[in-house]
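Small disclaimer: the values here were computed from a predicted structure and weren't measured.
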Amino acid sequence: MYLQVTFRFLLSSIVLAALMVSTALAADLTTVKVESGVVHGIAAADVISFKGIPYAAPPIGELRWRVPQPVRPWEGVREASKFGPACMQTDDLPKSEDCLTINVWRPTKDSREPYPVMVWIYGGALVRGNTALYPGDALAAQGLVVISMNYRLGRLGFFAHPALAEESPGEPIGNYGYMDQLAALKWVQRNIAAFGGDPNKLTIFGESAGGGSVMSHLVSPLSRGLFRAAILESPGIPTGRVESVPATPLAEAEATAVAYARYVGVNRDGAGALKALRALPAEMLVEGASGEVVLTSLGNGQRLVGLAGSIIDGKFLTDSPEAVFKAGGQAMVPMIIGANDRDLVIGEAVTKEDLFALFGDYAAEARAIYDSEGSETLEELKQQVLADRTLVEPSRNIANLAATGGQPTWHYRFSYVAEALRSNPKWKGAPHGMEIPYVFGIPAAIVRDKVTNADKEMAKLASAYWVAFAKTGDPNGESRPAWPRHNPSVDSIINFTNGGIVVGPDPLKARLDLWQKVFDANK
């Protein structure tokens with residue numbers, strides 16, 4: 001009897017101990033099993049982060065200029081405490097051709113319901129950028145799982161030598177950076193539940209070339225069903241107007257790839273050309289392709305040899321985004337789109353006459369709108385005119401096309417300037433990318449210790465709209481000013497200004513309407 005009681009006691013103790021261990025493991029949200037192995041993240045404050053997780057095989061050797069291939073599984077626990085290296089570019093930072101990694105931030109608190117997911121795509125003219133610039137902690141702390149990924153850039157990411165089609169018939173050719181993003185989105189769909197995320201509540205968002213990437217996924221047949229909402233911040237390369245910064249036709253992309261091969265001494269064709277090109281050092285392939293040089297080349301209409309940018313390849317991109325939106329062929333998911341009031345300038349003009357000549361038959365009307373007294377400086381006019389042409393009106397154009405087609409659309413303008421910068425005459429508005437720290441809830445990233453309560457309040461508001469949109473498909477909620485859905489027939493926009501949120505007439509309407517007439521006249 002004593003032995004029986006003792007045995008039962010020991011058995012109960014073993015079972016209890018096993019349950020305690022099981023519970024402890026289940027509660028350890030810093031250790032997660034994904035399809036290729038186990039990763040261990042870092043808990044800090046209210047967020048757990050997992051950095052540098054491979055989502056595709058290294059695109060090196062024979063895999064250079066191939067669609068992403070599966071990750072080779074690893075043994076044991078992989079530490080995920082540091083960002084992986086950036087993809088190859090001219091910027092001086094840790095980088096490698098072996099760069100296809102993904103990062104995840106999630107709340108430390110477990111949830112009975114899976115968290116909505118936001119996937120960030122960085123910008124950088126498709127030749128620069130890295131995820132380490134965009135910490136997702138503040139967003140994740142608001143009840144989200146936040147993702148970012150590296151993707152191939154420049155001649156390593158957007159390159160369409162004709163021999164590639166011969167080598168891999170049937171595969172998408174050229175847009176390898178986009179295919180990396182696509183592989184990352186599919187990885188998220190397969191693995192995000194392990195991090196507490198809901199694959200059915202996934203929002204993609206990005207800025208500049210990242211916003212252009214989001215727009216490309218909206219129109220790509222290969223990306224359908226991978227996300228339920230999209231946010232496009234100053235989308236560019238391509239933009240929402242083919243006359244601004246268009247995607248490159250495949251034949252043109254192939255021609256510039258061949259020209260680059262000849263430039264570096266590869267005079268063979270077919271498999272021999274690919275073997276020689278794949279033998280080149282990755283450092284050589286990014287030479288002369290800095291973000292500044294690429295934007296200058298776009299402005300003067302002289303693309304750099306071998307740099308095709310976004311390519312209409314017939315599989316990932318079947319047409320320009322503008323054409324797809326006009327035909328109503330995009331993914332009809334809820335969408336936020338907008339630009340900053342002093343956004344990116346692409347273009348050149350030596351005199352005012354050069355600048356207003358861009359308007360063609362509407363040059364006199366342009367002078368009356370932009371320089372009514374003739375006293376504005378050329379530099380200031382270039383900022384206004386070229387920013388409107390490059391991103392501000394093209395963003396409105398996509399908003400108009402989407403809303404007209406019945407797509408739930410919210411259009412914004414970001415004009416807020418940190419208080420510490422307002423006394424500087426250079427800061428007359430919000431330059432390109434300046435909304436990002438507010439959207440991410442980290443306004444101190446701009447002015448560090450000079451951040452004010454007003455800056456923090458603007459970040460709280462901007463971030464709350466984005467978070468609400470990711471959670472519900474609608475940016476409205478709580479006590480924030482109501483953000484109406486976009487209606488092209490109503491002159492109303494939400495503007496993030498120094499005086500707070502303003503919903504009302506668009507202060508740039510006359511300028512943008514003029515550009516609309518110019519663009520439409522050139523069709």
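- Partner H486 forms a side-chain hydrogen bond (donor to acceptor under 3.5 Å, both in side chains) with one of T404, T409, N400 and no other, that one being N400.
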Where do L317 and I311 land on the side chain to side chain contact (heavy atoms under 4.5 Å, CB included) test, with the steps shown first? CA-CA 7 Å; L317 281 184; I311 302 168; over 6 Å; no

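- The aromatic ring centroids of F359 and W515 lie less than 6.0 Å from each other.
- Residues Y122 and Y151 place their aromatic rings such that the two centres sit under 6.0 Å apart.
- Of the possible polar contacts, none joining the R268 side chain to the A276 backbone as a donor-acceptor pair under 3.5 Å is found.
- Checked options V188, L182, V119, L202; the residue passing with L226 is L182 (criterion: side chain to side chain contact (heavy atoms under 4.5 Å, CB included)).
- Taking the centre and axis of the six-membered ring of F316, the NZ or CZ atom of R224 falls outside the cone set by 45° and 6.0 Å.
- A salt bridge does not link E287 with R155: none of the charged nitrogens is closer than 4.0 Å to a carboxylate oxygen.
- Aromatic pair Y438/F414: centroids less than 6.0 angstrom apart.
- Not a single donor-acceptor pair under 3.5 Å links the side chain of T318 to the backbone N or O of G314.
- Between W483 and W466, the ring-plane angle classifies as tilted under the 30° and 60° cut-offs.
- Contact check on E171 versus K315 returns no salt bridge, with no Lys/Arg side-chain nitrogen under 4.0 Å from an Asp/Glu carboxylate oxygen.
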Taking only distance into account, with no hydrogens and no angle test, what donor-acceptor pairs under 3.5 Å do side-chain atoms of residues 207-218 form with protein atoms, sequence neighbours excluded?
unit_1	atom_1	unit_2	atom_2	d
E207	OE2	H432	NE2	3.2
E207	OE2	G433	N	3.4
S208	OG	H432	NE2	2.8
S213	OG	Q181	NE2	3.2
S213	OG	A209	O	2.8
S216	OG	Y178	OH	3.3
S216	OG	G212	O	2.9
H217	ND1	S223	OG	2.8
H217	NE2	Q181	OE1	2.9

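- In this structure, Y260 and F159 have perpendicular ring planes: the angle between them is above 60°, well past the 30° mark.
- Classification of E380 and R342 as a salt-bridged pair holds, one side-chain N sitting under 4.0 Å from a carboxylate O.
- Side-chain N or O atoms of R303 include none that pairs as donor or acceptor with a backbone N or O of T256 at under 3.5 Å.
- Considering every non-hydrogen atom in both S415 and R413, the closest pair reads OG-CG, 3.8 Å.
- Under the 3.5 Å distance criterion, the side-chain polar atoms of T248 are matched with a main-chain donor or acceptor of A308.
- The two residues A399 and I337 make their nearest non-hydrogen contact at CB-CG2, 3.6 Å.
- Residues T239 and G236 come closest through the heavy atom pair CG2-CA, 3.7 Å.
- Judged by distance alone, with hydrogens and angles left aside, the side-chain atoms of K95 form a donor-acceptor pair with the main-chain N or O of D91 at under 3.5 Å.
- Under the 30°/60° scheme for interplanar angles, the aromatic rings of F440 and Y134 are found to be tilted.
- The backbone N or O of E376 lies less than 3.5 Å from a partner atom in the side chain of K352, making a donor-acceptor pair.
- In this structure, the side chain of Q89 engages the main chain of G129 through a donor-acceptor pair within 3.5 Å.
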